[in-house]
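Below is one structure, written out as structure tokens; comments come after it.
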Amino acid sequence: MAIEQTFSIIKPDATRRNITGKINAIIEATGLRIVAQKRIHMTLAQAQQFYAVHRERPFFGELTEFMASAPVVVQVLQGENAVAKYREVMGATNPANAAPGTIRKECALSVGENSVHGSDSLDNAKIEIAHFFGGIEIVG
Ligand code: ATP
Ligand code: MG
């Protein structure tokens, strides 16, 4: 399988509780490598742009205000099959449905405050990484 990169965000509920290290440890235990990360505070406009695909959904206002409510850590994760693997490690969107050992089961507070984002396709991963990091070379 090919080495891929995926894009991750550690969301405000997790940065507020100072558990980014706990989440990174779960990520690294799966074999994925954190090859870039930085802490940023999204504006409401940036959050609205990032989640624009959900703009018609009833939770859009709540979601974007939450994402802009405190700093987040944006990351590039690298490894075999990284996009699908990270979705698996994150667990279901609603932590009540997430499998034991997943980040959302172990860390999330609710379906809204669910600790992490991960790209849902390789195409979106490339777009999201380019947007936040301007592209990161794969160096193994
Ligand atoms: P993400 O895109 O953040 O990786 P996801 O792909 O698992 O999460 P999406 O359906 O894309 O889930 O929803 C995006 C985000 O919107 C969720 O992670 C969650 O924070 C929020 N969200 C989704 N459904 C609800 C809901 N019913 N109520 C409140 N917030 C929600
Ligand atoms: Mg999504």
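Atoms within each ligand, like the ligands themselves, are counted from 1 in listed order. The residues of the chain are indexed from 1 along the displayed sequence.
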### Message
Heavy-atom contacts with ligand 1 below 4.0 Å: which residues, ordered by chain and residue number?
### Response
K11, Y51, H54, F59, E62, L63, R87, T93, R104, V111, G112, N114, H117, G118
#### Entry: Residues that R17 engages under salt bridge (Lys or Arg N to Asp or Glu O under 4.0 Å), provided they are two or more places apart
D13
### Query
Yes or no on side chain to side chain donor-acceptor pair (under 3.5 Å) for Y51 and T64, after CA distance, side-chain angles and deciding distance?
CA-CA 7 Å; Y51 278 117; T64 53; over 6 Å; no
### Message
Can you confirm if the aromatic rings of H117 and F50 lie within a centre distance of less than 6.0 Å?
### Response
yes
### Message
Could you check whether K126 makes a cation-pi contact with F7, meaning its NZ or CZ is under 6.0 Å from the centre of the six-membered ring and within 45° of the ring axis?
### Response
no
### Query
Rounded to the nearest 0.5 Å, what separation is found between the OG atom of S8 and the CG atom of L77?
5.0 Å
### Query
Taking the six-membered ring for Trp, are H54 and F59 parallel (under 30°), tilted (30 to 60°) or perpendicular (over 60°)?
tilted
